[in-house]
Number of protein chains: 2
Amino acid sequence: LNSSTNVARRPRGRRPGTSGTRDAIASAASRQFAELGYDRATIRSIADEAGVDPALVSHFFGSKQQLFVAAVGLPFDPAEVLPGLIADDPATAGLRFARFLAGALEERAVRDRLVGLVRAAASEPEASRMVRDLVSTEVMSRLADALGVEDADVRANLVGSQVVGLVMARHIVRVEPLASLPAERVAAAIAPNLQRYLTGPLPA
Amino acid sequence: LNSSTNVARRPRGRRPGTSGTRDAIASAASRQFAELGYDRATIRSIADEAGVDPALVSHFFGSKQQLFVAAVGLPFDPAEVLPGLIADDPATAGLRFARFLAGALEERAVRDRLVGLVRAAASEPEASRMVRDLVSTEVMSRLADALGVEDADVRANLVGSQVVGLVMARHIVRVEPLASLPAERVAAAIAPNLQRYLTGPLPA
């Protein structure tokens, strides 16, 4: 750990309002990474929105990359969510997973985080690498564990391709009519495809 | 048409080497939009790579947005490709479409264009809007025409979500093992899912 990470994780100068300020910065960062993308969101623009000095952003979070990881990250903990969605009954997991995803994307805070992640993945190489590391460790491997079959890693990647494609098409590019469909209809449309990736026949 | 579009489409001062220079700029642009993304590729960086003055890039192509449309665009003409892939026999189109896509993505020039499009779609709003317009007019509506069923527009969007998700996961984020699978195996893995989106049951 370098010193700026220490600063980010364990702010020393605890004083009234510290956690409120930190939250305000994190929430401005999450919104700007989603709305502007990784390249165009800056420490300065995030500080402006949070109404603080840019130096305070660096004090709490370190670099822009560290701020990204802290503020965007995943909107839920896969270790907590995936067992109930998948491991309990893989044969019917497609619809549960699809409903969870489409429903979660209706919430502004969750959508901002996922859109921020996808936009960062498509931006500069360092951000893309951060997303790959995060997704590989936190999502793909846990999804594969929840499935517990031999080719689970390919299956997890294929599920991921449909999830990221849905976020792109419906929430970033916003192609119509997909962007305007009710969440429940989107869930029903993608569920059988997710189910096949999870448990259907795959070529060897 | 504004005057810079005229310049871009019909360069008047024809002289030896004009089309070679234009091609060199277009090819540098296509590579940089794929490699750097829309935000970080600039008229200047593209001119540098092509070994020309930035003013010449503007002379041939107009603005960065116009250069993007001219240099990235689609790697093939959907009106030419889709009838054979889909309309001739929709019931077996999934595998043909998947093989065409996975095979085309093995070619550097095609991959650069598709990666450039997807990265631009995830970058700033103006670029994203350009991609949405291009994809809606040139791909979605033609794909829907080729299918010729009532809910063809939703089906086309869903196919698009899987295509863009594959480009993101395999060629931009490069999650493993998907990024290293042979193209034929990728085609076989996604084919039944494309087939369902094209002709399978969808919720009303």
Side-chain angles (χ1 to χ4, degrees), chain A residues 35-40 115 118-125 127-129 131-132 135-136 139-140 151 153-170 172-179 181 184-194 196-197 200-204, chain B residues 35-40 115 118-125 127-129 131-132 135-136 139-140 151 153-170 172-179 181 184-194 196-197 200-204:
Chain A
E35 200 129 307
L36 305 178
Y38 184 84
D39 283 335
R40 291 154 70 97
V115 165
V118 171
R119 295 192 65 182
S123 72
E124 49 104 340
S128 186
R129 191 191 57 71
V131 174
R132 179 171 62 246
V135 168
S136 299
V139 187
M140 292 302 161
D151 53 2
D153 49 355
V154 181
R155 293 179 183 278
N157 287 178
L158 290 167
V159 168
S161 79
Q162 177 61 77
V163 170
V164 78
L166 178 72
V167 173
M168 278 287 294
R170 180 165 155 92
I172 297 176
V173 181
R174 299 195 192 104
V175 284
E176 292 294 354
L178 183 63
L181 291 185
E184 178 57 29
R185 197 168 155 208
V186 172
I190 65 169
N193 282 27
L194 293 176
R196 175 175 168 271
Y197 283 154
L202 277 193
Chain B
E35 200 129 308
L36 304 177
Y38 184 84
D39 283 336
R40 291 153 68 97
V115 165
V118 171
R119 295 191 64 182
S123 72
E124 48 105 338
S128 186
R129 192 192 55 72
V131 174
R132 178 172 62 244
V135 167
S136 298
V139 187
M140 292 303 163
D151 52 2
D153 50 353
V154 181
R155 294 178 183 277
N157 287 177
L158 290 167
V159 168
S161 78
Q162 177 61 78
V163 170
V164 78
L166 179 71
V167 173
M168 278 289 293
R170 179 164 156 92
I172 297 177
V173 182
R174 299 196 191 103
V175 284
E176 294 292 354
L178 183 63
L181 290 185
E184 178 57 29
R185 198 168 154 207
V186 172
I190 66 170
N193 282 27
L194 294 177
R196 175 175 168 272
Y197 283 155
L202 278 191

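Chain naming here is simple, since letters A, B, ... match the order of the sequence lines and numbering starts at 1 in each. Everything quoted here is computed from the prediction, not taken from an experiment. The basis for the numbers below is simple: all heavy atoms, side chains too, and nothing from hydrogens, waters or symmetry mates.
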Based on non-hydrogen pairs under 4.5 Å, which of A:Ile172, A:Val173, A:Leu158 is most in contact with chain B? A:Val173
Just so I understand: if I count every heavy-atom pair under 4.5 Å between each of B:Arg196, B:Glu35, B:Arg40, B:Arg129 and chain A, which residue has the most? B:Arg196
Under 4.5 Å from a heavy atom of chain B, the part of A:Asp39 involved: side chain
Heavy-atom contact with chain A under 4.5 Å, split by part of B:Arg174: both
With chain A, which of B:Ala188, B:Ser128, B:Ala169, B:Pro125 has the greatest number of heavy-atom pairs at distances under 4.5 Å? B:Ala188
Give me the atom names and distance for the closest heavy-atom approach of A:Ser161 to B:Gln162. OG-NE2, 3.0 Å
Can you see which heavy atom on B:Pro203 is nearest to which on A:Arg185, and at what distance? O-NE, 3.4 Å
I need the residue from A:Ala179, A:Gly165, A:Ala120, A:Ser136 with the largest number of non-hydrogen atom pairs under 4.5 Å to chain B. A:Gly165
Where do A:Met168 and B:Val118 come nearest, in terms of heavy atoms and distance? CE-O, 3.8 Å
Given that the side chain runs from C-beta out, which part of A:Glu176 has a heavy atom under 4.5 Å from chain B: side chain, backbone, both or neither? backbone
Are any non-hydrogen side-chain atoms of A:Val154 and B:Leu181 less than 4.5 angstrom apart? yes
List in chain and number order the residues that pass side chain to side chain donor-acceptor pair (under 3.5 Å) with B:Arg132, two or more places apart in sequence or in another chain; answer none if no residue qualifies. none
Measure A:Leu178 against the heavy atoms of chain B and call it side chain, backbone, both or neither at under 4.5 Å. both
Which of A:Asp153, A:Val164, A:Val186, A:Leu202 touches chain B most, by non-hydrogen pairs under 4.5 Å: A:Asp153
Could you check which of A:Ala121, A:Gly200, A:Ala189 has the highest count of heavy-atom pairs closer than 4.5 Å to chain B? A:Ala189
I need the minimum non-hydrogen distance between A:Ala122 and B:Arg119, along with the two atoms involved. O-NE, 2.7 Å
Residue part contacting chain B, namely of A:Ile190, when any heavy atom lies under 4.5 Å: both
Specify which of B:Gly160, B:Pro192, B:Pro201 makes the most heavy-atom pairs with chain A at under 4.5 Å. B:Pro192
